[in-house]
Amino acid sequence: VQETVNVSSFKEKSTEYIKKIIADTLKMPAVKLDPFEPLETYGIDSILVVQLTNSLRPIFEGVSPTLFYECKTIDCVVEQLLASHYKTLN
């Protein structure tokens, strides 16, 4: 049970971290971002995808713009980053 709580807490912290990066790029408060809302709701377009990718690259080496085309929500972005960059988030 403790391990499940730790994994859940880790994902929540990672989600808040990614929300802050995305919110800074979108120039909006992170609290207004819902991790399960489609990214297109926030006006994500190809220009913003490049900006978001550029914001993530210094932290997550090798992150590709395709991440935002494959993932339609912040939750999905977090899941992908947890799978590919766990050590960076940890």
Side-chain angles (χ1 to χ4, degrees):
V1 174
Q2 182 67 28
E3 187 174 320
T4 303
V5 172
N6 288 340
V7 170
S8 177
S9 174
F10 181 67
K11 183 177 179 197
E12 287 175 21
K13 288 178 183 176
S14 298
T15 299
E16 291 305 312
Y17 181 66
I18 298 303
K19 277 176 56 177
K20 180 173 178 359
I21 293 170
I22 292 173
D24 288 349
T25 302
L26 297 176
K27 297 177 178 48
M28 66 186 298
V31 296
K32 292 198 173 205
L33 296 176
D34 178 342
F36 301 101
E37 189 73 29
L39 288 168
E40 64 191 30
T41 303
Y42 305 111
I44 303 290
D45 59 15
S46 58
I47 294 168
L48 283 171
V49 165
V50 170
Q51 291 175 353
L52 287 167
T53 303
N54 289 340
S55 295
L56 291 174
R57 275 197 179 134
I59 305 153
F60 303 101
E61 187 178 324
V63 73
S64 169
T66 59
L67 174 66
F68 293 98
Y69 294 110
E70 294 168 357
C71 289
K72 302 298 182 196
T73 65
I74 293 170
D75 185 66
C76 178
V77 170
V78 171
E79 289 286 338
Q80 291 294 322
L81 291 173
L82 282 171
S84 60
H85 292 86
Y86 180 82
K87 288 183 181 178
T88 302
L89 285 164
N90 198 4

Please tabulate, for the side chains in residues 41-49, all donor-acceptor contacts under 3.5 angstrom to protein atoms that are two or more places apart in sequence or on a different chain.
residue: T41; atom: OG1; partner: E37; partner atom: OE2; Å: 3.2
residue: T41; atom: OG1; partner: P38; partner atom: O; Å: 2.9
residue: Y42; atom: OH; partner: D34; partner atom: N; Å: 2.7
residue: D45; atom: OD1; partner: I47; partner atom: N; Å: 3.2
residue: D45; atom: OD1; partner: L48; partner atom: N; Å: 2.9

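- Taking CD1 from I22 and OH from Y17, the interatomic distance works out to 11.5 Å, rounded to the nearest 0.5 Å.
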Tabulate below the donor-acceptor pairs under 3.5 Å that side-chain atoms of residues 74-84 make, not counting sequence neighbours, or state none.
residue: D75; atom: OD1; partner: K11; partner atom: NZ; Å: 2.7
residue: E79; atom: OE2; partner: K11; partner atom: NZ; Å: 2.6
residue: S84; atom: OG; partner: Q80; partner atom: O; Å: 2.9

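- Here OG1 of T53 is found 10.0 Å from CD of Q51. Values are rounded to the nearest 0.5 Å.
- Every side-chain hydrogen bond (donor to acceptor under 3.5 Å, both in side chains) that T25 has, sequence neighbours left out, goes to S55.
- I59 and V50 are not part of a single hydrophobic cluster, where members link through side-chain heavy atoms under 4.5 Å apart.
- The side-chain contact (heavy atoms from CB on, under 4.5 Å) test applied to K32 returns M28, P29, not counting sequence neighbours.
- The distance from the CG atom of L39 to the CZ atom of F68 is 7.0 Å, given to the nearest 0.5 Å.
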Only distances under 3.5 Å count here; give the side-chain donor-acceptor pairs of residues 60-67 to other protein atoms, sequence neighbours excluded, each with its distance to 0.1 Å.
residue: S64; atom: OG; partner: T66; partner atom: N; Å: 3.2
residue: S64; atom: OG; partner: T66; partner atom: OG1; Å: 3.0

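- Residue pairs meeting the salt bridge (charged side-chain N to carboxylate O under 4.0 Å, His left out) criterion with at least one member in residues 15-31, sequence neighbours excluded, are E16-K19, K20-D24.
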